[in-house]
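Hydrogens, waters and symmetry mates play no part in the numbers below; they use all other heavy atoms, side chains included. Residue numbers start from 1 in every chain, and the chains themselves are labelled A, B, ... in the order their sequence lines are given, proteins ahead of strands.
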Amino acid sequence: MTEMNMVQALNSTLDLLMSKDSSVVLLGEDIGKDGGVFRVTDGLQAKYGPERVIDTPLVELGIVGMAIGMAVNGMKPIAEIQFQDFIYTAMDQIINQMAKIRYRSGGDYTVPMVLRTPYGGGIKGGLYHSQSGETYFAHTAGLTVVTPSNPYDAKGLLLSSMQLGDPVIFLEPKRLYRSIKNDVPDGEYTVPIGEAKKIREGNSISIITYGSMVPTVLSTVEKNNVDAEIIDLRTLLPMDLNAIMDTVKKTGRVMIVHEAPRTLGMGAEISAIISERAIDSLLGPILRVTGPDSPFPYRMEDYYLPNEKRIMKAVNKLMTFG
Amino acid sequence: MSEESDERSKFIKAYTAMVLSRTLDKKIMSAQRQGRVGFYTPTMGQEALQIGASMALESDDLIYGYYRDVPLMLHRGVPMENIINQIMGNSADEAKGRQMPSHYTAKAFHFMSVQSPVATNLPLAAGAAYAMVYQKKKSVVLTTFGDGSTSTPDFHAAMNLAGVFNLPVIFLCENNGWAISLPVEKQTKVEIWTKAEAYGIRGIRVNGNNFVETYNAVLEAVKRAREGKGATLIDAISFRMGPHSTSDDPTKYRSETVEEGSEKDPLVVTENILKGKKYIDDKMIDGIKTKAQKLVDDKFNECEKIKPPEPMTAFTDVYKNMTWMLKEEVEDIL
Ligand SMILES: Cc1ncc(C[n+]2csc(CCOP(=O)(O)OP(=O)(O)O)c2C)c(N)n1
Ligand SMILES: [Mg+2]
């Protein structure tokens with residue numbers, strides 16, 4: 001066990017993966033000598049050389065396309081997009097190649113790779129260094145989408161992602177990169193893909209959340225002594241249906257919290273799943289506390305991010321419903 | 001005015017803008033270290049090429065620039081407050097404090113709002129040029145970007161479009177040798193100006209540290225564009241004297257530097273050109289620098305007192321009319 005933040009956990013996991021399997025390579029912008037703008041790949045090029053830790057030219061669609069070509073041919077690439085906001089030029093590669101190769105080739109060809117990228121606000125990054133675009137990926141069959149909320153899960157999910165045999169979009173909440181420390185086991189373990197985690201037991205209300213909002217939800221609930229159960233989804237596609245159903249049936253009151261805009265965000269799908277399958281368990285409406293349907297602002301970013309006040313407003317509304 | 005005194009005043013104006021820009025650059029960098037500014041991408045080293053380009057433009061030409069274009073803006077006449085207010089994201093900022101620092105907008109000067117994803121302004125420049133031709137306007141479009149940006153699909157798409165439609169665009173590559181940590185030799189296997197040939201447009205290379213050379217090259221490109229002779233790609237070779245941004249530590253990846261005040265510093269190059277022509281002497285240089293420092297300090301202090309934007313401004317201008325969803329959300333937030 002070593003106490004680490006998420007950057008250290010990811011860095012040491014990449015190191016572990018590379019040391020065990022020579023088919024693992026990293027590629028991205030400024031990941032080599034510079035060690036990545038968030039330092040996630042720090043020191044790895046010095047250790048494994050520029051053939052395995054590849055500083056690419058500035059071309060996201062090239063990074064993703066090349067990684068797919070490597071993955072199809074026996075390598076296990078882990079590609080980095082410097083900020084999730086810049087992934088959009090690679091969307092055709094992601095949606096029309098990465099996600100569809102297994103299907104379109106009758107299962108002949110597969111794409112075992114991981115595409116890592118930091119997402120989310122709270123670092124004063126404005127419009128283009130703050131976006132939470134998980135819905136774009138979670139709307140695409142063929143992709144698997146995960147997001148850790150702490151260093152332990154970051155390592156476990158990365159190890160699982162590399163064993164999956166299909167492409168994984170690995171979304172790293174950059175606001176939490178250095179703000180949380182966990183004891184992380186030194187060896188291998190996994191956090192299974194598709195498995196949520198109940199991070200707090202409660203009886204009155206269920207709060208379903210993930211990634212960057214997890215610490216905010218947890219501290220709000222604890223500070224205000226809410227008898228809330230908190231589910232950290234960890235995998236966004238496919239979601240953990242059992243974890244959602246169990247908590248809904250237990251508390252009958254459900255809230256969803258995410259940073260991405262409300263319209264067609266993950267909350268919309270979770271809400272639909274619940275209303276299709278467990279409407280008779282509900283004691284009130286399913287409420288969403290999310291980012292607004294507007295671009296992410298710079299100076300006023302605190303107004304954008306869901307916070308204690310807004311979460312408690314929804315909690316109170318739900319607890320006093322009916 | 002005689003031709004010589006015309007050139008003299010043009011050159012002194014160029015040098016004055018360079019000094020102003022350098023002074024502002026250093027002010028913002030030190031303010032950032034003191035926590036008074038959130039972030040900044042310094043422009044140190046790229047002053048001469050930008051100002052050379054600006055000198056060749058008319059006031060109704062359009063600019064699709066990028067996050068390092070402060071010298072160009074200042075030379076064009078954009079008030080310094082516009083730049084400082086943007087960096088502070090205060091209520092006087094033209095874009096209402098919405099964008100991260102270094103993402104300027106100056107509509108009155110036809111300086112298009114800057115985005116972060118690099119080179120995505122280039123196809124827009126092609127579209128803007130098409131619009132100018134279509135509307136029978138004489139304006140041309142200058143678009144700027146870094147050496148790293150030439151690897152993007154947007155760069156190649158825009159060059160191809162400009163070639164196919166014979167558009168009045170000047171593609172000015174501010175080749176500072178680096179894209180964060182990647183040196184230009186690892187960005188592309190050929191010299192950037194040679195890429196023009198593949199798209200049937202003119203490509204040239206200039207010494208970007210020499211403002212006269214850049215000015216003449218852009219002037220020629222502008223003239224050709226206005227005459228309907230199409231686009232030019234100008235590879236202006238320069239050097240990024242500072243870090244990529246205030247978040248960057250260049251000692252991790254490079255050892256070479258260009259020291260301020262050294263022979264390679266474009267300000268020194270410019271001083272030598274002006275001194276050679278006897279347009280300026282050390283006393284005038286001192287005067288220009290002293291005046292710039294006072295102006296920068298005064299403006300900075302003034303702008304720092306301006307209050308932040310009203311929270312509501314975070315949510316307006318998404319559309320002409322706010323959606324019902326956003327109305328509901330804003331009500332919950334505020
Ligand atoms: C599409 C895209 N990918 C990545 C980034 C992150 N990034 C910001 S600036 C930069 C380097 C740009 O280098 P260059 O084009 O040479 O311009 P310079 O900063 O050197 O002036 C990178 C990779 C970005 N802004 N946009
Ligand atoms: Mg550059």
Side-chain angles (χ1 to χ4, degrees), chain A residues 29-39 42 45 50 54-63 82-83 85-90 92 123-130 261-264 288-307 309-310 313-314 317, chain B residues 38-39 88-91 93 95-101 103 115-120 146-155 179-183 186-188 244-245 247-250 252-254 308-319 322-323 325-326 328-330 332-334:
Chain A
E29 293 160 14
D30 307 293
I31 67 165
K33 243 183 166 176
D34 194 36
V37 298
F38 290 102
R39 302 279 173 258
D42 208 18
Q45 191 184 62
I54 308 163
D55 273 322
T56 68
L58 203 173
V59 56
E60 284 74 15
L61 79 81
I63 293 168
Q82 204 164 79
F83 285 84
D85 312 63
F86 305 139
I87 210 167
Y88 300 122
T89 77
D92 193 49
I123 61 148
K124 287 265 177 190
L127 279 74
Y128 302 110
H129 295 80
S130 309
R262 183 171 60 155
T263 298
L264 283 173
R288 288 175 286 173
V289 179
T290 69
D293 286 292
S294 56
F296 201 104
Y298 170 67
R299 183 75 185 258
M300 308 75 103
E301 81 172 357
D302 292 344
Y303 293 97
Y304 191 98
L305 294 168
N307 55 18
K309 188 184 117 198
R310 290 179 57 212
K313 214 195 291 185
K317 184 171 171 186
Chain B
F39 172 88
M88 298 194 168
N90 63 28
S91 56
D93 168 31
K96 307 175 187 174
R98 289 179 185 143
Q99 286 233 73
M100 193 182 188
H103 292 65
Q115 82 295 337
S116 305
V118 300
T120 53
D147 42 294
S149 306
T150 63
S151 294
T152 63
D154 307 73
F155 168 78
I180 309 185
S181 69
L182 199 70
K186 291 191 177 168
Q187 190 67 248
T188 173
H244 169 73
S245 74
S247 311
D248 175 45
D249 173 12
K252 292 224 36 143
Y253 55 80
R254 75 173 185 189
E310 289 298 322
M312 188 63 190
T313 56
F315 308 108
T316 52
D317 297 326
V318 183
Y319 301 92
M322 196 180 276
T323 59
M325 298 89 82
L326 189 54
E328 220 176 72
E329 289 154 359
V330 170
D332 182 49
I333 290 169
L334 297 180

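For the side-chain contact (heavy atoms from CB on, under 4.5 Å) with S294(A), the lone residue among T316(B), T323(B), D317(B), L326(B) that qualifies is L326(B).
Residue R288(A): no heavy atom, backbone or side chain, is found under 4.5 Å from chain B. Contacts of Q45(A) with chain B are absent, with no heavy-atom separation under 4.5 Å from either backbone or side chain. Interface residue K313(A): only side-chain heavy atoms are found under 4.5 Å from chain B. Heavy atoms of T150(B) lying under 4.5 Å from chain A are absent altogether. For F296(A), the part lying under 4.5 angstrom from a heavy atom of chain B is the backbone only. When heavy atoms are compared at a cutoff of 4.5 Å, Q115(B) approaches chain A by way of both its backbone and its side chain. Neither the backbone nor the side chain of S130(A) has a heavy atom closer than 4.5 Å to any heavy atom of chain B. Contacts of F86(A) with chain B are made by side-chain atoms alone, with heavy-atom separations under 4.5 Å and no backbone atom involved. Residue V330(B): no heavy atom, backbone or side chain, is found under 4.5 Å from chain A. At a 4.5 Å heavy-atom cutoff, the contact between N90(B) and chain A is made by backbone and side-chain atoms alike.
Other residues, nucleotides and ligands place more than 12 heavy atoms under 6.0 Å from the NZ atom of K252(B).
Salt bridge annotation for D55(A)-K186(B): absent, with no cationic side-chain nitrogen under 4.0 angstrom from a carboxylate oxygen.
Applying the ring-ring contact (aromatic ring centres under 6.0 Å, His included) criterion to Y128(A), with sequence neighbours excluded, gives no partner residue.
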